[in-house]
Amino acid sequence: MKDAAPKTIYLKDYTPFGWRVEDVHLTFRLAPRATRVIARIHFAPNPEAPAQDFFLHGEQLTLIRAAIDGVEVTPELTEEGLRCAVPDGPFLWESEVEIAPEANTALEGLYMSRGMYCTQCEAEGFRKITYYPDRPDVMSVFTVRVEGDLPVLLSNGNPVARGDGWAEWHDPWPKPSYLFALVAGDLVAHPDRFTTRSGRDVELNIWVRPGDEGKCAFGMEALKKSMTWDEEVYGREYDLDVFNIVAVDDFNMGAMENKGLNIFNSSAVLASPETATDANFERIEAIIAHEYFHNWTGNRITCRDWFQLCLKEGLTVFRDQQFTADVRSAAVARIDNVAMLRARQFPEDQGPLAHPVRPESFQEINNFYTATVYEKGAEVIGMLKTLVGDEGYAKALDLYFDRHDGDAATIEDWLKVFEDATGRDLAQFKRWYAQAGTPRVKVAEDWADGTYTLTFTQHTPPTPGQAQKLPQVIPMAVGLLNPNGDEVVPTTVLEITQAEQSFTFEGLAARPVPSLLRGFSAPIVLEREASREERAFLLAHDTDPFNRWEASRLLARESLVAMICDGAGPDEAWLDGLERLLRDDTLDPAFRAMMIGTPSDSELAQVLFERGVVPDPDAIWAAQETQLQVKAERWADLLPRLAAEGQVTEPYRPDAAQSGKRALGAAALMLTTRLDGGKAAAEQFASADNMTLQLSALAQLVRAGRDAEALAAFEAQWRHDRLVMDKWFGLQVGAAAPDQVVPRAEALTGHPDFDLKNPNRFRAVMGALAAAHAGFHRKDGAGYRLLTDWLIRLDDLNPQTTARMCAAFQTWKRYDAGRQALIREQLERLRDKPKLSRDTGEMIGRILGA
């Protein structure tokens with residue numbers, strides 16, 4: 001038997017809850033197998049809601065008692081909650097329920113992580129804690145009493161009282177239930193303080209398990225940096241007396257913005273030079289900023305319903321991207337953002353999981369925490385800022401905070417603020433929220449008598465449930481260069497609003513070379529025929545860093561496609577141009593390191609598929625290997641110079657300057673290993689004094705097949721550190737040759753430290769398997785079978801993680817008939833699993849097209 005037939009929820013059916021919640025008092029009597037939750041909630045009729053039954057959400061709860069105004073009642077219980085007759089006016093609801101945190105392997109609601117009590121209530125986890133209207137538009141002030149025998153007892157808001165075995169917390173700001181949080185455990189604090197610009201003294205704490213205190217300093221500095229930035233850039237101050245962060249080992253997400261008590265996956269907050277890489281530090285900095293920025297864009301102003309998820313997540317991702325651009329390299333940060341968008345979101349838009357930034361319907365909201373909502377949602381905010389300008393954006397955001405503070409808002413509210421602040425009509429722009437798919441824009445050019453004309457034609461392919469698409473507003477940032485490489489038209493934003501639209505530039509002395517979509521000004525696919533010579537010209541002369549990188553990427557992509565389809569060799573003219581760029585030591589080392597990279601195997605597979613060529617993962621991998629080998633041999637005299645430029649002699653700092661140098665050194669080591677068989681990598685592994693150097697060397701030793709001794713040494717050194725061991729597990733699969741990917745993943749699942757219940761450890765192995773393109777897509781289907789075997793096991797324990805991992809199969813229809821048949825067999829095997837979760841069932845149904 002599967003779960004009960006899933007119910008589809010529609011945006012058009014939104015109805016306000018029939019009662020307002022005036023205040024909430026909760027008492028938790030903690031016990032691993034039998035926690036008691038006592039609720040006292042004051043309800044009052046909502047005059048803005050239609051008549052309806054009094055219904056409270058509740059799942060997996062044992063009801064002990066319920067009362068209204070002190071009189072015991074017997075509600076009607078269902079699998080989804082309870083119904084009860086209630087008075088016509090205000091009343092006090094009381095209930096007592098029992099739950100079992102220790103048995104909660106789904107990590108949703110109140111659960112235990114290695115002896116620590118922890119909550120995760122977004123999106124609908126609070127209903128697993130007590131009976132409540134668990135929806136984001138129901139907001140209330142919470143007072144919480146936590147009783148237990150653990151030394152640290154935390155909840156939202158400010159501490160108001162404590163004693164032996166208990167603590168009370170009060171959050172004065174009304175919030176929805178998804179922002180509720182509770183943590184109890186044997187924890188120690190890394191403390192600090194922050195004074196807001198209005199003089200509020202805020203106590204800051206990062207709470208960790210004993211032994212992790214030495215990994216908190218960077219996270220604390222990132223938090224204070226975020227608080228300062230939000231005051232300076234957005235004018236937003238923190239509004240409580242205390243801000244707590246807790247590091248939790250077992251957590252489905254990266255982190256959660258609960259009001260005043262942010263709960264973080266340990267991997268997203270704990271770091272030291274010995275245990276974390278530069279990439280880890282940068283990720284931690286961005287995630288801490290993201291969750292802190294939610295205090296205003298998500299908490300003080302939340303979303304009316306879960307269809308508006310992009311309202312808080314798209315805006316907050318955009319804000320954390322702005323922050324990263326300000327504190328690190330703006331050019332590199334933008335390229336990173338676009339690379340992630342193309343790797344994660346474009347495949348969603350192009351496949352069975354496509355959905356609008358604001359979906360119209362869902363069966364399981366957990367399945368819509370997607371790259372489309374987050375990353376594409378952020379791109380939509382970026383386009384809006386481009387269209388209204390910096391001043392208009394700042395004015396609109398001030399109005400947004402003033403008008404909607406304390407509200408559960410909608411996309412309509414958000415766009416109305418911009419219309420009122422700037423006078424623009426955004427009716428057409430709203431289509432970015434309503435239409436799924438990635439617009440494709442074709443470019444045609446005309447040149448005559450000093451006049452240059454660009455004609456753009458836009459088209460968005462059909463997506464599930466949306467066959468026809470209307471033209472969208474596309475801000476196209478354009479610059480023009482003359483044949484000498486001088487910029488004759490600086491960056492200009494053209495607003496494309498029609499299916500076909502032309503723009504003219506006059507008074508030019510020579511036919512220009514266009515630099516289109518500068519800074520990736522819109523999340524589109526630009527379709528324009530360009531010669532190798534023109535792309536090489538842009539690589540050499542473009543003043544826009546993104547388009548310089550893009551020119552190289554497109555040259556690399558076309559070279560690889562020619563190698564795969566025509567048996568051609570690597571493009572030597574491109575390699576010469578790239579070498580000239582790499583020799584320019586005035587350029588940011590991080591930017592040069594990026595330029596050495598190539599399009600991913602998955603991107604190449606999609607390009608081939610769109611050109612009518614069935615992608616062969618083995619051929620793609622072979623072409624990539626050949627191109628890298630040619631680079632290494634061609635640049636043999638350059639690599640020692642790049643390696644030297646990548647050396648850092650000062651004490652380790654995870655800042656942009658040092659990180660960029662180490663990135664360049666790692667890129668040089670990757671190519672050098674192809675020449676020396678791993679000699680330099682072995683030397684670096686032996687001498688490394690930080691995790692960035694140690695892990696980059698280990699990756700090259702795995703690729704060179706010289707990893708046995710190094711892997712054993714690494715395990716012996718770091719066996720005690722769970723986060724470092726996640727890297728060890730993932731690297732062995734992710735860096736392996738295609739024929740070794742499945743055997744290594746399978747062997748690692750038998751390792752004593754492989755833990756199915758820990759999302760980080762599961763993703764380290766199975767995520768690396770799914771990302772290893774040629775290894776996962778083996779012709780015999782072994783990769784598909786192995787992943788499905790483990791998803792079947794995991795679904796009973798953790799449906800959220802299982803459902804998200806199903807996305808590994810979303811591009812299955814672009815491969816050959818044999819692979820498609822093998823994937824379909826595994827998808828159907830998973831679909832037919834007894835008691836399949838609602839989360840996973842919806843994902844499989846969408847992927848199969850059911």
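Everything numeric in this text was worked out from a predicted model, so none of it was measured. Atom set for the values below is all heavy atoms of this structure, side chains included, hydrogens, waters and symmetry mates excluded.
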Heavy-atom side-chain contact between [X] and [Y] under 4.5 Å:
| X | Y | value |
| --- | --- | --- |
| Val317 | Gln321 | yes |
| Ile596 | Met670 | yes |
| Met691 | Trp718 | yes |
| Asp588 | Arg592 | no |
| Arg553 | Met595 | no |
| Asp320 | Ile287 | no |
| Val269 | Ile245 | yes |
| Pro273 | Phe281 | yes |

Can [X] and [Y] be counted as an ion pair, charged N to O under 4.0 angstrom?
| X | Y | result |
| --- | --- | --- |
| Arg328 | Glu285 | yes |
| Arg674 | Glu633 | no |
| Asp542 | Arg518 | yes |
| Asp278 | Lys661 | no |
| Asp250 | Lys757 | no |
| Lys312 | Glu122 | yes |
| Arg557 | Glu603 | yes |
| Lys376 | Glu379 | no |
| Glu237 | Arg197 | yes |
| Arg763 | Asp726 | no |
| Asp637 | Arg583 | yes |
| Arg114 | Asp249 | yes |
| Asp186 | Arg209 | no |
| Asp230 | Lys225 | no |

Check for me whether Arg334 meets the cation-pi criterion with Phe520, that is, NZ or CZ under 6.0 Å from the six-membered ring centre and within 45 degrees of the ring axis.
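No, a cation-pi geometry is absent between Arg334 and Phe520.
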Exercise. On the ring face of Tyr393, is Lys385 found with NZ or CZ under 6.0 Å from the centre and within 45° of the axis?
Worked result: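 That pair qualifies as a cation-pi contact.
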Between [X] and [Y], is any side-chain donor less than 3.5 angstrom from a side-chain acceptor?
| X | Y | value |
| --- | --- | --- |
| Tyr234 | Gln322 | yes |
| Asn760 | Asn265 | yes |
| Thr673 | Arg703 | no |
| His751 | Glu715 | yes |
| Glu282 | Asn280 | no |
| Ser696 | Gln684 | yes |
| Trp229 | Asp326 | yes |
| Gln717 | Gln694 | yes |

Closest non-hydrogen atom pair, [X] against [Y]:
| X | Y | result |
| --- | --- | --- |
| Leu675 | Ala632 | CD1-O, 3.4 Å |
| Ala735 | Ala699 | CB-O, 4.0 Å |
| Glu579 | Leu638 | CG-CD2, 4.0 Å |
| Asn299 | Asn258 | ND2-C, 4.3 Å |
| Ala181 | Thr119 | CA-OG1, 3.2 Å |
| Leu701 | Ala682 | CD2-N, 3.8 Å |

Between Gln624 and His773, is a side-chain hydrogen bond (donor to acceptor under 3.5 Å, both in side chains) present by the stated rule, with each step listed?
CA-CA 12 Å; Gln624 292 272 33; His773 188 252; over 6 Å; no
In terms of ring plane angle, is the pair Tyr238 and Tyr292 parallel, tilted or perpendicular, where the classes change at 30° and 60°? tilted
- Task: Kindly assign one of parallel, tilted or perpendicular to the pair His294 and His290, based on the angle between their ring planes and the thresholds 30° and 60°.
- Result: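 If you compare the ring of His294 with that of His290, the planes turn out perpendicular.
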Give, for atom [atom1] of [X] and atom [atom2] of [Y], the distance between the pair rounded to the nearest 0.5 Å.
| X | Y | atom1 | atom2 | result |
| --- | --- | --- | --- | --- |
| Leu582 | Leu587 | CG | CG | 9.0 Å |
| Met340 | Ile335 | CE | CD1 | 14.0 Å |
| Leu204 | Phe194 | CG | CZ | 8.0 Å |
| Lys727 | Thr277 | NZ | OG1 | 5.5 Å |
| Phe729 | Asp753 | CZ | CG | 5.5 Å |
| Asp601 | Thr598 | CG | OG1 | 7.5 Å |

Quick one: do Trp207 and Asn244 satisfy side-chain hydrogen bond (donor to acceptor under 3.5 Å, both in side chains)? Show the steps, please.
CA-CA 7 Å; Trp207 295 91; Asn244 286 316; 3.0 Å; yes
(request) In sequence, state the C-alpha distance, the side-chain angles, and the governing distance for Met805 and Phe762, and then conclude on side chain to side chain contact (heavy atoms under 4.5 Å, CB included). (result) CA-CA 10 Å; Met805 286 296 301; Phe762 183 83; 3.9 Å; yes
Donor-acceptor contact below 3.5 Å, side chain Thr228 vs main chain Lys224: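 Confirmed, Thr228 side chain pairs with Lys224 backbone.
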Report task. Please check if atom CD in Glu709 has more than 12 non-hydrogen atoms from other residues, nucleotides or ligands closer than 6.0 Å. Result -> no
Notebook entry, point to check: Would Arg200 and Asp239 count as a salt bridge (charged side-chain N to carboxylate O under 4.0 Å, His left out) if you check the C-alpha gap in whole Å, the side-chain angles of each, and the deciding distance to 0.1 Å?
Noted result: CA-CA 8 Å; Arg200 179 192 289 272; Asp239 52 8; over 6 Å; no
Practice problem: Go through Glu231 and Arg236 one step at a time and tell me if the salt bridge (charged side-chain N to carboxylate O under 4.0 Å, His left out) criterion holds. | Solution: CA-CA 5 Å; Glu231 288 185 348; Arg236 299 299 103 194; over 6 Å; no
Q.
For Thr801 and Asn252: C-alpha separation, side-chain torsions, deciding distance, then whether side-chain hydrogen bond (donor to acceptor under 3.5 Å, both in side chains) applies.
A. CA-CA 7 Å; Thr801 299; Asn252 282 331; 3.0 Å; yes
Could you check Trp549 against Phe591 for ring-ring contact (aromatic ring centres under 6.0 Å, His included), going step by step and ending with a plain yes or no? CA-CA 8 Å; Trp549 171 80; Phe591 179 71; 8.9 Å; no
Would you say the ring centroid of Phe293 lies under 6.0 angstrom from that of Phe323?
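Centroid distance Phe293-Phe323: below 6.0 Å, so yes.
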